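Every value quoted in this text rests on a predicted model; they were computed, and no experiment measured them.
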Amino acid sequence: MTPLNSSFSSSNGVLHTDAHVLAAPGLTCSEFDDGVGHHMTARESAPDFVVYGPVSVQLWGRRFVAGIRFFRDVVHGVTLTLEQSKVAALGYDATEKDLLAEKKTLTTMLSKQLECSPTSTSLGADVFEFPWGGVVSRADLKSTWCGIEVRFK
């Protein structure tokens with residue numbers, strides 16, 4: 001899968017891919033479908049939730065698999081999972097140490113790219129808060145998933 005060249009603005013929370021907006025605060029499903037959404041698979045994940053994806057994006061010099069979540073027809077968030085990572089390669093065999101090391105790598109990358117330190121940190125998540133929402137570097141020990149979540153208010 002060829003990745004979409006992407007950029008992210010922490011000042012307004014807009015994630016651009018090539019010539020389209022992939023996600024932005026207040027983006028509706030119909031606006032998304034008019035852009036890159038019609039190239040992606042949509043599925044209902046819970047009442048009132050629709051998830052689009054997966055799509056490969058090139059962002060901050062790394063390749064991620066992205067999923068875009070809509071709640072009641074408005075974008076709720078984006079999930080970014082590194083395509084080439086130790087945790088992804090290990091799957092359910094990833095240890096807590098593997099997950100926390102990858103989360104630390106993601107947090108370091110985010111601090112550099114967002115030009116700020118996390119607002120709050122914990123074992124499972126480092127949170128960067130902004131007026132439009134936030135960016136979270138997360139390590140989920142139960143599902144053995146590690147990645148970045150962009151959340152919109």
Side-chain angles (χ1 to χ4, degrees), residues 1-83 85 87-88 99-100 102-153:
M1 174 179 347
T2 303
L4 299 171
N5 292 317
S6 303
S7 63
F8 178 78
S9 171
S10 61
S11 63
N12 59 13
V14 177
L15 178 61
H16 285 276
T17 59
D18 298 323
H20 299 284
V21 172
L22 185 61
L27 183 74
T28 65
C29 275
S30 60
E31 292 170 321
F32 180 74
D33 285 337
D34 289 341
V36 296
H38 65 279
H39 297 293
M40 300 169 73
T41 302
R43 63 177 171 81
E44 289 186 32
S45 65
D48 298 324
F49 276 95
V50 176
V51 178
Y52 284 79
V55 65
S56 180
V57 298
Q58 180 82 26
L59 181 65
W60 303 313
R62 305 290 296 267
R63 284 179 64 157
F64 294 90
V65 174
I68 299 88
R69 293 181 316 280
F70 287 83
F71 177 67
R72 296 188 178 156
D73 220 29
V74 177
V75 72
H76 182 262
V78 178
T79 302
L80 300 165
T81 307
L82 282 170
E83 282 189 16
S85 75
V87 168
L99 288 158
L100 296 178
E102 187 161 307
K103 181 185 76 102
K104 182 178 179 181
T105 298
L106 292 172
T107 298
T108 300
M109 178 185 66
L110 286 171
S111 292
K112 179 181 176 189
Q113 297 300 323
L114 303 176
E115 299 178 334
C116 62
S117 297
T119 309
S120 64
T121 61
S122 69
L123 182 65
D126 296 330
V127 180
F128 299 81
E129 292 182 31
F130 299 96
W132 50 263
V135 180
V136 182
S137 171
R138 178 176 301 287
D140 186 327
L141 304 178
K142 284 185 178 182
S143 67
T144 65
W145 177 82
C146 193
I148 296 170
E149 296 176 341
V150 179
R151 298 178 181 164
F152 300 106
K153 288 183 178 179

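- Using bins of under 30°, 30° to 60° and over 60° for the plane-to-plane angle, the ring pair Phe70/Phe32 lands in the tilted bin.
- Thr17 and Val57 make their closest contact through CG2-CG1, 4.2 Å (heavy atoms, listed as atom of the first residue, atom of the second, distance).
- By the 30° and 60° cut-offs, the orientation of the rings of Phe71 relative to Phe49 is tilted.
- Considering CZ of Phe130 and OG of Ser10, their distance stands at 4.5 Å, rounded to 0.5 Å.
- Residue Ser111 comes nearest to Pro118 through the heavy atom pair OG-CD, 3.8 Å, listed as atom of the first residue, atom of the second, then distance.
- The line from OG1 of Thr81 to CD of Glu102 is 9.0 Å long, rounded to the nearest 0.5 Å.
- Remark: Ile148 CD1 to Leu106 CG distance equals 4.5 Å, nearest 0.5 Å.
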Requested in this report: Please assess Leu15 against Val150 for the test side-chain contact (heavy atoms from CB on, under 4.5 Å), listing each intermediate value before the final yes or no.
Outcome: CA-CA 9 Å; Leu15 178 61; Val150 179; 5.9 Å; no
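- Considering only residues two or more places apart in sequence or on other chains, Leu123 meets the side-chain contact (heavy atoms from CB on, under 4.5 Å) condition with Glu96, Leu100, Leu141.
- Side-chain contact of Arg69 with Ser45: a donor-acceptor pair under 3.5 Å is absent, judged by distance alone.
- The distance from atom SG of Cys146 to atom CG of Leu82, rounded to the nearest 0.5 Å, is 7.5 Å.
- The heavy-atom pair separating Trp60 from Gln113 by the smallest distance is CD1-OE1, 3.1 Å.
- Of all heavy-atom pairs spanning Phe128 and Cys116, the tightest one is CE2-O, 3.5 Å.
- One distance of note links CG of Asn5 with CG of Leu59; it measures 10.0 Å at 0.5 Å rounding.
- With no hydrogens or angles considered, a side-chain donor-acceptor pair links Ser9 and Asn12 at under 3.5 Å.
- Smallest separation of non-hydrogen atoms from Ala23 and Leu27: CA-CD2, 3.9 Å.
- In this structure, Asp34 CG and His20 NE2 are separated by 10.0 Å, a value rounded to the nearest 0.5 Å.
- Annotation: side chain of Pro54 is in contact with side chain of Val65 (closest heavy-atom distance under 4.5 Å).
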Report task. For Glu31 and Thr28, run side chain to side chain donor-acceptor pair (under 3.5 Å): C-alpha distance rounded to whole Å, both residues' side-chain angles, the deciding distance at 0.1 Å, then the answer. Result -> CA-CA 5 Å; Glu31 292 170 321; Thr28 65; 3.2 Å; yes
Query raised in the report: Under the side-chain contact (heavy atoms from CB on, under 4.5 Å) criterion, do Asp33 and Tyr52 qualify, and how do the steps go?
Result: CA-CA 10 Å; Asp33 285 337; Tyr52 284 79; 2.9 Å; yes
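- A heavy-atom distance below 4.5 Å is found between the side chains of Val135 and Phe8.
- A distance-only check finds a donor-acceptor pair linking the side chain of Ser6 to the backbone of Leu4 [under 3.5 Å].
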Report task. For the pair Ile68 and Val51, evaluate side-chain contact (heavy atoms from CB on, under 4.5 Å) and give the outcome as yes or no after the intermediate values. Result -> CA-CA 6 Å; Ile68 299 88; Val51 178; over 6 Å; no
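- Side-chain contact between His76 and Arg151: absent, with no pair of heavy atoms (C-beta onward) separated by less than 4.5 Å.
- Every residue two or more places apart in sequence or in another chain that forms a salt bridge (charged side-chain N to carboxylate O under 4.0 Å, His left out) with Arg72 is listed here: Asp48.
- Between Leu22 and His16, the closest side-chain pair of non-hydrogen atoms is not below 4.5 Å.
- Sorted by first and then second residue, the side chain to side chain donor-acceptor pair (under 3.5 Å) pairs involving residues 114-138 (not counting sequence neighbours) are Lys103-Asp126, Thr107-Asp126, Thr107-Ser137, Arg138-Glu149.
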